[in-house]
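In what follows, a structure is listed as structure tokens, so that the remarks can point back to it.
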Amino acid sequence: MIARALGAGAAIILLGAAGVWVITAPEPLPAAMIEGPPGDAQRGAAIFAAAGCAACHIAPEAEIDDAPVLSGGRAFASPFGTFHAPNISPSPQGVGDWSDAEIMDAVMRGVAPSGAHYYPALPYTAYALVEPQDMRDLIAHLRTLPPSEAESLPHELPFPFSIRRMVGIWKRLNMSEDWTLEGEISPQATRGRYIAEALAHCGECHTPRGPLGGLDRSRWLAGAENPSGDGRIPNITPAGLDWSEEDIAYYLESGFTPDFDTAGGEMALVVEEMGRLTAEDRAAVAAYLKSVPPVE
Amino acid sequence: MIHLRRPAIAAAALALLAAPLSAEVFEPKKAQELRESHMKLMGAHLGVLGTMAKGEMEYDANVASAAAEALAGLAQGTNGNYWVEGSSTEDLEDSRALPELWQDMEDVGQKAAALRDATQAMQEAAGTDLAALQGAMKSVGDACGDCHKAYRKPEE
């Protein structure tokens, strides 16, 4: 009797474990998304800038120039532990030996070549919405950047966050299938939405997060705690930001606010990247920000 | 008008340049107030140049040159004795100057020199044409931002 109960219990646990194993399984991109014409490195430079890769993956204190060294090493504090941006330069220590498909799976699905999950410190919920051709162009540009031999640092995460497999459940709750801003918007704001929501992943810092670290999309861009503990990241919905579209575009170009103060903190790095976009694309982001629902 | 302004600015710049030679004369709180006023003054002159750069005000070489000259004069003084020990975010409630600033004064000095260079280039550009002014605006912004990025606490 006891043996049978124990047997049934074990079976339930095994079934449960199998279930967890299935729902936490990493899901790479479908082949149809990966295949396509080869990337155009020149076109990829602007996409690389818009995607803001360098702001996180340069060495601590390094400057972003035309050919940044993506050696990694910057530390990012979070309620779950400290993440270290890895080396993503085209070297053996970085992603030099990876195929385009492997890089696309990493960036757009958070799946490593080994099949393991990446933590969502890498904003793949946003990059999932990037056009595959844009991503191939970005990768072609990435491969032209200087290599770095720096070894990537491990993250510092306490149990249970150290179990990567659990990220599978997080992804089921948080992977975005579609745009956060829905409904009728102008063609210019639509272009801005693509840059802001998919490439530039503005929401990763400007949108508050729930207890599990997922973005609270009902408060999209309404400002959030700064995970580093320094001040607050501002509300950039029309309820929080009353700048004109011209002011927003000029800020993204030059770093100057309407009263000619300058961008500080992490945003200064973002502005360096946004300054590399075309004036049309910066204006598109401004139009998008004006189309987002105001959230107090 | 311009005739009068130049010596006045030069005198002000000289006074500011001379300031670091003297002992720390300001109380920390006073130093914080003065440096913030100084920054706002730079913002006011930048505002003239930036409004033209944005196309919100018609480009006028004389107006732009006067603003650029005032800005360059002010940039001479940013490394004066406003940076008094005891006036960081750790000491004063509403200070935004991070303690790191006092740990690497050499770097602060280099950043201040970069601002002087950028504002001097702006003096040249402002009187040339709108395109030159717009280009110079970018380097001035970079110079401002480099120091703010490293040593200023983000806004609450």
Side-chain angles (χ1 to χ4, degrees), chain A residues 54-56 58 60-66 74 77 205-206 223-236 240-241 243-277 279 282-283 286, chain B residues 36 38-57 67 70-71 74 78 89-90 94-101 103-104 107 110-111 114-115 118-119 122 133-156:
Chain A
C56 289
I58 48 170
E61 313 291 326
E63 303 276 328
I64 302 177
D65 55 21
D66 287 335
R74 291 195 64 198
C205 289
H206 286 279
E225 295 285 325
N226 189 338
S228 75
D230 286 339
R232 242 187 106 70
I233 296 164
N235 181 338
I236 55 170
L241 189 66
W243 303 357
S244 70
E245 286 185 32
E246 291 73 23
D247 284 343
I248 295 171
Y250 192 67
Y251 173 77
L252 294 174
E253 178 189 344
S254 67
F256 283 119
T257 65
D259 53 1
F260 292 91
D261 194 347
T262 61
E266 293 295 319
M267 195 60 201
L269 287 173
V270 175
V271 166
E272 278 178 42
E273 307 254 48
M274 298 304 282
R276 294 169 194 273
L277 305 192
R282 284 188 295 267
Chain B
E36 287 177 6
H38 193 129
M39 299 286 173
K40 288 202 178 80
L41 274 175
M42 288 200 279
H45 295 295
L46 267 171
V48 174
L49 298 164
T51 315
M52 284 186 208
K54 275 179 175 171
E56 288 172 357
M57 182 167 124
L71 179 69
L74 286 165
T78 52
T89 52
E90 285 181 354
D94 57 347
S95 171
R96 291 177 65 196
L98 293 171
E100 285 81 359
L101 186 142
Q103 286 156 17
D104 196 350
D107 182 58
Q110 282 168 7
K111 287 182 162 65
L115 179 69
T119 53
M122 173 60 93
L133 185 156
Q134 284 167 332
M137 208 57 195
K138 173 87 187 127
S139 354
V140 174
D142 285 347
C144 299
D146 278 348
C147 206
H148 289 163
K149 194 165 61 183
Y151 300 117
R152 184 172 66 164
K153 188 180 168 206
E155 238 162 337
E156 292 292 333

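Numbers restart at 1 for each chain; the letters A, B, ... are given by sequence-line order, proteins then strands. Since this is a predicted model, take the numbers as computed values, not measurements.
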In terms of heavy-atom contacts, B:K138 and A:E253 come closest through NZ-O, 3.5 Å

**OP:** Please test A:Y250 against B:T51 for side-chain contact (heavy atoms from CB on, under 4.5 Å), starting from the C-alpha separation and ending with a verdict.
**Re:** CA-CA 10 Å; A:Y250 192 67; B:T51 315; over 6 Å; no

Pair count under 4.5 Å, heavy atoms only, with chain B: among A:D261, A:I233, A:T262, highest is A:T262

Honestly, the part of B:E56 sitting under 4.5 Å from a heavy atom of chain A is side chain

Shortest non-hydrogen pair, B:K149 vs A:A268, comes out as CD-CB, 3.3 Å

- Query: Is it true that atom CG of B:D94 has more than 12 heavy atoms of other residues, nucleotides or ligands lying nearer than 6.0 Å?
  - Reply: yes

- So with a 6.0 Å cut-off around CD of A:E61, is the heavy-atom count from everything else above 12? no

Practice item. For the pair A:D259 and B:K40, find out whether any cationic side-chain nitrogen is under 4.0 Å from an anionic carboxylate oxygen. Key: no

Under a 4.5 Å cut-off applied to non-hydrogen side-chain atoms, are A:F256 and B:M137 in contact? yes

